2 protein chains.
Amino acid sequence: MQKQPTIRDVAAAAGVSVAVVSRVLNPGSGPVAAATRDRVHEVMATLGYHPRTAARELKHGPPTTLGLLLADVSNPFFARLADQVVQEAHSRGIQVLLMTTQEDDQLESERLSTLIERRVSGIIATPTGNNLDIWKRLQDMGTDVVFVDRSIPALADVDVVTINNVESGRSATALLAAHGHRRIAMISGPAESTTGRDRIAGYRQALDAAGLERDDLLVRSAAFRGTAGGDAMSALLNLDEPPTAVVVANTAQVTAVLGRLAHAGVSVPAELSVIVFEDSPWTELMTPPLTIVRQPIDLLARHSVRLALANPGGRTPGKPTVVRVDAELIERASVGRLKVRA
Amino acid sequence: MQKQPTIRDVAAAAGVSVAVVSRVLNPGSGPVAAATRDRVHEVMATLGYHPRTAARELKHGPPTTLGLLLADVSNPFFARLADQVVQEAHSRGIQVLLMTTQEDDQLESERLSTLIERRVSGIIATPTGNNLDIWKRLQDMGTDVVFVDRSIPALADVDVVTINNVESGRSATALLAAHGHRRIAMISGPAESTTGRDRIAGYRQALDAAGLERDDLLVRSAAFRGTAGGDAMSALLNLDEPPTAVVVANTAQVTAVLGRLAHAGVSVPAELSVIVFEDSPWTELMTPPLTIVRQPIDLLARHSVRLALANPGGRTPGKPTVVRVDAELIERASVGRLKVRA
DNA sequence: AATAAAAGTGGAACCGGTTCCATTATGTTT
DNA sequence: AAACATAATGGAACCGGTTCCACTTTTATT
């Protein structure tokens, strides 16, 4: 291990002042004779010089780092979002600091502290729903905060990028109603999540439009992670009047749900139609292939990064941007026409 | 947006010197009277002071950031690896800078430059296989480099964490042989990848052990990403003597392979047995459930992080650590006994 | 009570860049 | 050739922390 050369080493070796080297490093910041520039470049190459980001960031804050704070990267939805965000950021020369909350307030708060200390220029996050004061503080500091996939209603002036959850919930439910189903269940995210709430709102719209009766027993909240989705499914199956169709919120849940159904010997779609919010290639390979609500992850990522870098050094207050992109309902065999009982 | 308070603002407000505030910030770095400490803490709270990481890192390098350089986070294997690495790093108070190469040398080289400029203390990477000089330079600089999942044979003194690919390839192949298969194919990663090479070595060991003839036509290299796996499968089906069993390298490939098989009307396992290197819950939900080689991603992550933080400020040369963890073969219905032709 | 040891504090240099401003070299205009 | 604009360069302050060392105050020792 050798000590790293500094800008002064380069200056000395090239026989110029550090100011000149700095100008070579930042083209456009001042005039440098072509011959000098070339010589300095040469010296930098032979010395293996690389300017230290930490030092550069000292003077003026870094518009060079973004924080990406997700619930959980093992969830394929978030994983793909992370992938797209990283690509999009890299294409703009921005680095991404990845953090996870595990849906835990306390962890979220710790992560946010480190992001504050790093003075990141922007944060893209799936908020847990708490830590309101910290989010506010971040905005006061001039950090561009963007909520993606969900939001916090109490924080009115934060940029938000989501899919149109109301419409998605509505169209999925409407599809099931159109297939003759009258007992349609929904396994949704936690009650606090805006995502879940909006989808349920759409679900109710569709029921009303189809003239179907609402039954709150058919709407179940379950944690996004773990096997809670399976328990919700079991509860639904044990109802006096079990549903003939169900809309499920995400991958982890549908995995648990399908496992439970297989175990209980319930066949899809003959006995139960299934729609899931998801966008993995494997949904098509299952037996039966799953009807899905496809979320345009690339659009979510692109808009998020754009907003997170939009106002370097402070946003204009009072005008939050809300982007809602449309999800796409893709019909496959897991939805079937309701059979009239024999 | 308000200007952020600095350590001098805190010192002034608390009526002490910056040295004292710094000592409060870094417990153990020097004596501070309890009363003073409390007062300073109070001032920091009311001022909303947060020390800037960039400034702290200037003095002595940062053992506080890790670079995680993966091919691609949309691949579930890497996504889960990222998730575990982030969790493991966070539990040690370390932050993770996430980057992707898309398996592209050029991009990899750019990402590495950024990591050099940030003076990260360690890098966990799935190398593309090129940029040898940059990897060497990083080690010279004292950066802890850890290759995970694959390695570069030409770089002998880099720490490596992988699964035991030879043994995995061998046991998967042996299982198929034990079921009576004599024409066993392997769809592997690119020929350059150590992962693919090792698995093929194991595959050959198993063939030899079972007294089966090697046929190079049955071994196909395909890119890890995209639909190349499907093309390889098609080619295998079109052989004069097509295989009756196949081992597939990863998720993206098996997705393409199964799609192709469904399209071609080949049934699994009746006409073709399938084993895949994968570890997603959904492999169990498919029809038929897939036999898999499960990779212990949490162990890979834990060892990688440990090694990447092992030698803060320079590794002892000449003693690279190589960790090989065992993968687990999980038998499910996608492997069947070879039927003798009628 | 005299003296030594320890605790608490502050001044100032330092990390490695950027940038303002003064100074010198070069080139243009008449 | 004189006068002036412009290009090229260097000196030094600055960003916001850390740390060495000197100095003062408190506590312990005999």
Side-chain angles (χ1 to χ4, degrees), chain A residues 2-41 43-44 47-65 114 116-120 141 313, chain B residues 2-41 43-44 47-65 114 116-121 141-142 313:
Chain A
Q2 69 215 22
K3 213 165 128 281
Q4 288 299 111
T6 75
I7 196 173
R8 290 168 225 268
D9 297 328
V10 174
V16 295
S17 72
V18 294
V20 172
V21 179
S22 177
R23 271 178 229 126
V24 173
L25 244 30
N26 307 54
S29 65
V32 179
T36 311
R37 176 165 34 76
D38 295 347
R39 186 153 37 88
V40 171
H41 272 136
V43 170
M44 295 196 302
L47 258 54
Y49 170 75
H50 290 271
R52 264 180 77 163
T53 308
R56 305 185 102 155
E57 289 186 349
L58 241 197
K59 197 81 177 174
H60 305 300
T64 157
T65 310
T114 60
I116 289 177
E117 292 175 3
R118 299 237 171 196
R119 302 290 195 274
V120 294
M141 289 175 50
Chain B
Q2 69 214 25
K3 211 163 130 284
Q4 287 300 110
T6 75
I7 195 174
R8 290 168 223 270
D9 297 326
V10 175
V16 296
S17 73
V18 294
V20 172
V21 179
S22 177
R23 271 179 229 124
V24 172
L25 246 29
N26 306 53
S29 66
V32 180
T36 311
R37 174 163 36 75
D38 295 346
R39 185 153 39 88
V40 171
H41 273 137
V43 170
M44 294 197 301
L47 257 53
Y49 169 76
H50 290 270
R52 265 180 75 164
T53 308
R56 306 186 103 157
E57 290 186 347
L58 241 198
K59 196 80 178 175
H60 305 301
T64 156
T65 311
T114 311
I116 290 177
E117 292 175 3
R118 299 238 170 193
R119 303 289 195 275
V120 294
S121 52
M141 289 176 51

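None of the values given here were measured: they were computed from a predicted structure. Labels below follow one simple rule: chain letters A, B, ... track the order of the sequence lines, proteins then strands, and each chain is numbered from 1.
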Would you indicate which nucleotide in [options] comes nearest to any side-chain atom of [X]?
X      : options                   : value
P51(A) : dA8(D), dC21(D), dG17(C)  : dG17(C)
A55(A) : dG10(C), dT19(C), dG16(C) : dG16(C)
V32(B) : dA12(C), dT9(D), dT9(C)   : dT9(C)
K59(A) : dT9(D), dC15(D), dG10(D)  : dC15(D)
P31(B) : dG8(C), dG10(D), dT18(C)  : dG8(C)
R23(B) : dT18(C), dA7(C), dC21(D)  : dC21(D)
T6(B)  : dT9(C), dT19(D), dG16(D)  : dG16(D)
Y49(A) : dT18(D), dG17(C), dT9(D)  : dG17(C)

Margin query: Which is more 5' along DNA chain D, the nucleotide nearest R8(A) or the one nearest V16(A)? Just name the residue.
Written below: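 Of the two residues, V16(A) wins.
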Using whole Å, what does the distance between atom [atom2] of nucleotide [N] and atom [atom1] of [X] come to?
X      : N       : atom1 : atom2 : answer
N26(A) : dT19(C) : CG    : P     : 6 Å
R56(B) : dG16(C) : CZ    : P     : 18 Å
M44(B) : dG16(D) : CE    : P     : 17 Å

Next item on the list: May I ask you to evaluate whether H60(A) reaches the phosphate of dC14(D), defined as a side-chain N or O under 4.0 Å from OP1 or OP2?
Entry: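 Negative; the distance criterion is not met.
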Note to self: Using a distance-only criterion (donor-acceptor N/O pair, under 3.5 Å, no hydrogens), is the base of dG8(C) paired with the side chain of R37(B)?
What the structure shows: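 Under the 3.5 Å cut-off, the side chain and the base do not form any donor-acceptor pair.
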Item checked: Beyond-backbone contact of L25(A) with M44(A), side-chain heavy atoms, under 4.5 angstrom ->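 The answer is yes, as the side chains (C-beta and beyond) meet within the 4.5 Å cut-off.
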